[in-house]
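Because the structure is predicted, anything quoted here is derived from the model rather than measured.
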Amino acid sequence: QVQLVESGGGLVQAGGSLRLSCAASGRTFRLYAMGWFRQAPGKEREFVAGISRSGTTTYYADSVKGRFTISRDNAENTAYLQMDSLKPEDTAVYYCGAKFTTDSARLYSVSGQFDYWGQGTQVTASS
């Protein structure tokens, strides 16, 4: 029903910036809350940031608060993650997820709650 494709990952030096994009297949994107998760080698997938269906509400993991910004453009069927002041511990594969909801303001932060996932994009911040 929904296909997601992440892009924008790459190799940057610590302190640098990167913007990730998550493009959705289309017709019902506006009905899904979105989230970004990441998974580093040897670790579980962890929540990074979430945004409500309407874009009016956002939530961040403490580890990225003040450095990362999640946003969405429903007209373009795309969610974004702006990452500033990157640290080596941010290195991971980043995934976007979509969760269908009838509540335009509801947030989701648990991976099992999401209906669809992208294939992931690698982010590496070197010291």
**Q** Closest heavy-atom contact between Gly9 and Val123?
**A** CA-CG2, 4.2 Å
**Q** Are Tyr80 and Met83 grouped together when hydrophobic residues (ILVMFWY) are joined by side-chain heavy atoms under 4.5 angstrom apart?
**A** no
**Q** Taking Ser52 for the side chain and Thr57 for the main chain, is one N or O donor matched with an acceptor at less than 3.5 Å?
**A** yes
**Q** If you apply the rule side chain to side chain contact (heavy atoms under 4.5 Å, CB included), what do you find for Arg27 with Asn77, and how did you get there?
**A** CA-CA 8 Å; Arg27 56 196 178 101; Asn77 291 347; over 6 Å; no
**Q** Of the options Trp117, Tyr95, Tyr94, which is the one that meets Phe37 in a ring pair (Phe, Tyr, Trp, His ring centres under 6.0 Å)?
**A** Trp117
**Q** Would you sort out whether Arg38 and Ser63 count as a side chain to side chain contact (heavy atoms under 4.5 Å, CB included), showing the intermediate values?
**A** CA-CA 12 Å; Arg38 66 188 182 187; Ser63 59; 3.5 Å; yes
**Q** Any chance you could measure Thr28, atom OG1, to Phe100, atom CZ, to the nearest 0.5 Å?
**A** 8.0 Å
**Q** What do you reckon, is CD of Glu46 surrounded by more than 12 foreign heavy atoms closer than 6.0 Å?
**A** yes
**Q** So, for Ala24 and Val2, which heavy atoms are closest and what is the spacing to 0.1 Å?
**A** CB-CG1, 4.4 Å
**Q** Would you find more than 12 non-hydrogen atoms of other residues, nucleotides or ligands less than 6.0 Å from Gln113 atom CD?
**A** yes
**Q** To the nearest 0.5 Å, tell me how far Ile51 CD1 sits from Cys96 SG.
**A** 12.5 Å
**Q** Using 0.5 Å steps for rounding, measure from the OG1 atom of Thr58 to the OH atom of Tyr60.
**A** 4.0 Å
**Q** So is Arg72 actually on top of Phe29's ring, under 6.0 Å and inside 45° of the axis?
**A** yes
**Q** Inspect the surroundings of NZ in Lys43 and state if more than 12 heavy atoms from other residues, nucleotides or ligands are less than 6.0 Å away.
**A** no
**Q** Are any side-chain N or O atoms of Glu6 and backbone N or O atoms of Gly120, one a donor and one an acceptor, separated by less than 3.5 Å?
**A** yes
**Q** Taking the six-membered ring of Tyr108, is the NZ or CZ of Lys99 close enough (under 6.0 Å from the centre) and on axis enough (within 45°)?
**A** yes
**Q** Looking only at heavy atoms, which two atoms of Trp36 and Ala79 are closest? And how far apart?
**A** CZ2-O, 4.0 Å
**Q** Should Val12 and Leu20 be counted in the same cluster of Ile, Leu, Val, Met, Phe, Trp and Tyr side chains packed under 4.5 Å apart?
**A** yes
**Q** Could you tell me whether Asp90 and Lys87 have a side-chain N and a carboxylate O separated by less than 4.0 Å?
**A** no
**Q** I need the Ser25 OG to Leu4 CG distance, nearest 0.5 Å.
**A** 7.0 Å
**Q** Without swapping roles, check the side chain of Arg19 against the backbone of Gln82 for a donor-acceptor pair under 3.5 Å.
**A** no
**Q** Enter the distance from Leu86:CG to Ser126:OG here, rounded to the nearest 0.5 Å.
**A** 10.0 Å
**Q** Check whether any side-chain heavy atom of Cys22 lies under 4.5 Å from a side-chain heavy atom of Met34, and answer yes or no.
**A** yes
**Q** Specify the closest pair of heavy atoms between Thr91 and Ala125, including all atoms of both residues, with the distance to one decimal.
**A** OG1-N, 3.0 Å
**Q** If we ignore angles and hydrogens, is there a donor and acceptor under 3.5 Å between the side chains of Asp84 and Ser17?
**A** yes
**Q** Specify the closest pair of heavy atoms between Arg53 and Thr101, including all atoms of both residues, with the distance to one decimal.
**A** NH1-O, 3.1 Å
**Q** Minimum heavy-atom separation for Pro88 to Ser127, with atom names?
**A** CG-CB, 3.9 Å
**Q** Can you tell me how far OG of Ser111 sits from CD of Gln39, rounded to the nearest 0.5 angstrom?
**A** 9.0 Å
**Q** Start with the C-alpha distance between Tyr116 and Tyr32, add both sets of side-chain angles, then the distance that settles side chain to side chain contact (heavy atoms under 4.5 Å, CB included), and finish with yes or no.
**A** CA-CA 10 Å; Tyr116 303 99; Tyr32 290 80; 3.7 Å; yes
**Q** Is it the case that one hydrophobic cluster holds both Phe114 and Ile70, taking links as side-chain heavy atoms less than 4.5 Å apart, direct or via other members?
**A** no
**Q** Look at the side-chain heavy atoms of Ile, Leu, Val, Met, Phe, Trp and Tyr, link any pair under 4.5 Å apart, and say whether Leu81 and Val64 land in one connected group.
**A** yes
**Q** Dump the intermediate steps for side chain to side chain donor-acceptor pair (under 3.5 Å) on Thr124 and Gln122, then the final yes or no.
**A** CA-CA 7 Å; Thr124 302; Gln122 176 71 45; 3.3 Å; yes
**Q** Strictly distance-based, threshold 3.5 Å: is any side-chain N or O of Ser54 a donor or acceptor partner for the main-chain N or O of Ser104?
**A** yes
**Q** Start with the C-alpha gap between Phe47 and Val110, add the side-chain angles, then the distance that decides, and say whether side chain to side chain contact (heavy atoms under 4.5 Å, CB included) holds.
**A** CA-CA 7 Å; Phe47 170 77; Val110 178; over 6 Å; no
